[in-house]
Amino acid sequence: MSDILHRLPEFIGNHLVLAMLFAGVLVALIGNEFSRLFRGYRELTPAALTQLINRESPLLVDLSAAADFDKAHIPGARNVQVSQFDPENKDLAPVKERPVAVYCRTGTASAQAAARLVKAGFKQVFWLGGGLAAWREANLPVAKGR
């Protein structure tokens with residue numbers, strides 16, 4: 001091991017671009033992990049969301065389009081269009097202390113919505129990583145219609 005450490009400066013000197021790329025990737029990974037730890041909301045797998053539903057009965061918010069919601073959604077979810085999603089809404093004020101789980105078809109829009117909920121003062125915010133697609137892939141039940 002000490003032989004590797006003694007030859008490391010020589011390697012870096014001979015492969016400066018490679019060493020710089022490695023350092024850049026390492027800094028990016030560390031930064032990403034720190035931001036994930038301190039963002040205020042947690043990503044859930046379908047199995048973890050199922051446990052949350054069974055234990056704490058969170059408010060489930062589906063951010064899909066109305067037509068997509070009618071085709072399939074997690075049982076008990078409420079549909080809110082992304083364009084109409086407002087965490088500052090007076091109807092949501094009473095549930096700020098209650099767990100809130102958001103999801104969409106793929107998980108992209110719901111991550112942004114989760115960040116908005118945290119910014120609005122919600123204490124327990126979760127989002128379904130992979131969205132409804134991950135839920136269906138896990139063979140979990142879906143409801144149809146309103």
Side-chain angles (χ1 to χ4, degrees), residues 1 4-5 7-8 11-12 14-146:
M1 182 62 144
I4 293 172
L5 293 176
R7 296 187 65 192
L8 187 61
F11 177 83
I12 292 172
N14 291 335
H15 305 285
L16 189 58
V17 173
L18 185 62
M20 298 280 282
L21 285 173
F22 174 75
V25 168
L26 185 63
V27 167
L29 284 172
I30 291 171
N32 185 44
E33 289 303 309
F34 271 116
S35 69
R36 191 172 62 87
L37 286 173
F38 297 110
R39 66 184 173 199
Y41 60 92
R42 284 190 24 212
E43 177 180 1
L44 295 178
T45 63
L49 180 57
T50 302
Q51 287 180 345
L52 182 70
I53 291 168
N54 290 336
R55 291 183 180 155
E56 300 183 41
S57 77
L59 172 64
L60 283 173
V61 179
D62 185 322
L63 298 171
S64 303
D68 291 334
F69 182 80
D70 288 342
K71 289 178 187 173
H73 60 273
I74 296 174
R78 294 183 184 181
N79 182 234
V80 178
Q81 309 300 313
V82 174
S83 60
Q84 298 172 348
F85 181 74
D86 181 18
E88 301 291 340
N89 186 327
K90 64 180 176 174
D91 296 333
L92 290 177
V95 296
K96 281 192 175 187
E97 300 299 322
R98 185 174 166 199
V100 178
V102 293
Y103 72 94
C104 60
R105 282 184 346 143
T106 61
T108 308
S110 55
Q112 296 168 352
R116 288 178 61 192
L117 285 168
V118 169
K119 190 174 181 180
F122 286 76
K123 304 294 181 211
Q124 299 180 60
V125 180
F126 304 92
W127 71 284
L128 178 59
L132 187 62
W135 182 268
R136 293 181 93 168
E137 189 175 301
N139 292 322
L140 293 167
V142 292
K144 295 182 183 199
R146 291 266 160 195

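This structure is a prediction, so every number in the text was calculated from the model and none was measured.
Take Phe11 and apply the ring-ring contact (aromatic ring centres under 6.0 Å, His included) test, not counting sequence neighbours, and it matches His15. Among residues two or more places apart in sequence or in another chain, the side-chain contact (heavy atoms from CB on, under 4.5 Å) test is passed with Leu8 by Ile12.
Residue pairs meeting the salt bridge (Lys or Arg N to Asp or Glu O under 4.0 Å) criterion with at least one member in residues 45-62, sequence neighbours excluded, do not occur. Residue pairs meeting the side chain to side chain donor-acceptor pair (under 3.5 Å) criterion with at least one member in residues 109-130: none, sequence neighbours excluded. Pairs engaging residues 103-124 under the ring-ring contact (aromatic ring centres under 6.0 Å, His included) rule: none recorded [sequence neighbours left out].
The minimum heavy-atom distance linking Asn79 with Ser64 is given by the pair ND2-O, 3.0 Å. Ala111 approaches Tyr41 most closely through the heavy-atom pair O-OH, 3.6 Å. Heavy-atom minimum distance, Trp135 versus Pro141: NE1-O, 2.7 Å. Contact record, Cys104 with Ala109: SG-N, 3.6 Å, taken as the closest heavy-atom pair. The minimum heavy-atom distance linking Leu132 with Val142 is given by the pair CD1-CG1, 4.3 Å.
Residues Leu60 and Val100 are not in side-chain contact: their nearest non-hydrogen atoms beyond the backbone lie 4.5 Å or more apart. Counting heavy atoms from C-beta outward, Leu59 and Pro99 have side chains that stay 4.5 Å or more apart. Contact of the Val102 side chain with the Leu128 side chain is not registered, since no non-hydrogen atoms from C-beta on lie closer than 4.5 Å.
Ser57 contributes no side-chain N or O that, together with a main-chain N or O of Ile53, makes up a donor-acceptor pair within less than 3.5 Å.
Once rounded to the nearest 0.5 Å, the distance linking CG of Leu26 with CG of Leu21 reads 12.5 Å. The structure places CG of Leu52 at 8.0 Å from CZ of Arg42, a figure rounded to the nearest 0.5 Å.
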Identify every side-chain donor-acceptor pair in residues 66-77 under 3.5 Å, counting partners at least two apart or on other chains, and give the distances.
from  : atom 1 : to     : atom 2 : distance (Å)
Asp70 : OD1    : Arg146 : NE     : 3.0
His73 : ND1    : Phe69  : O      : 2.8
His73 : ND1    : Ala143 : O      : 3.4

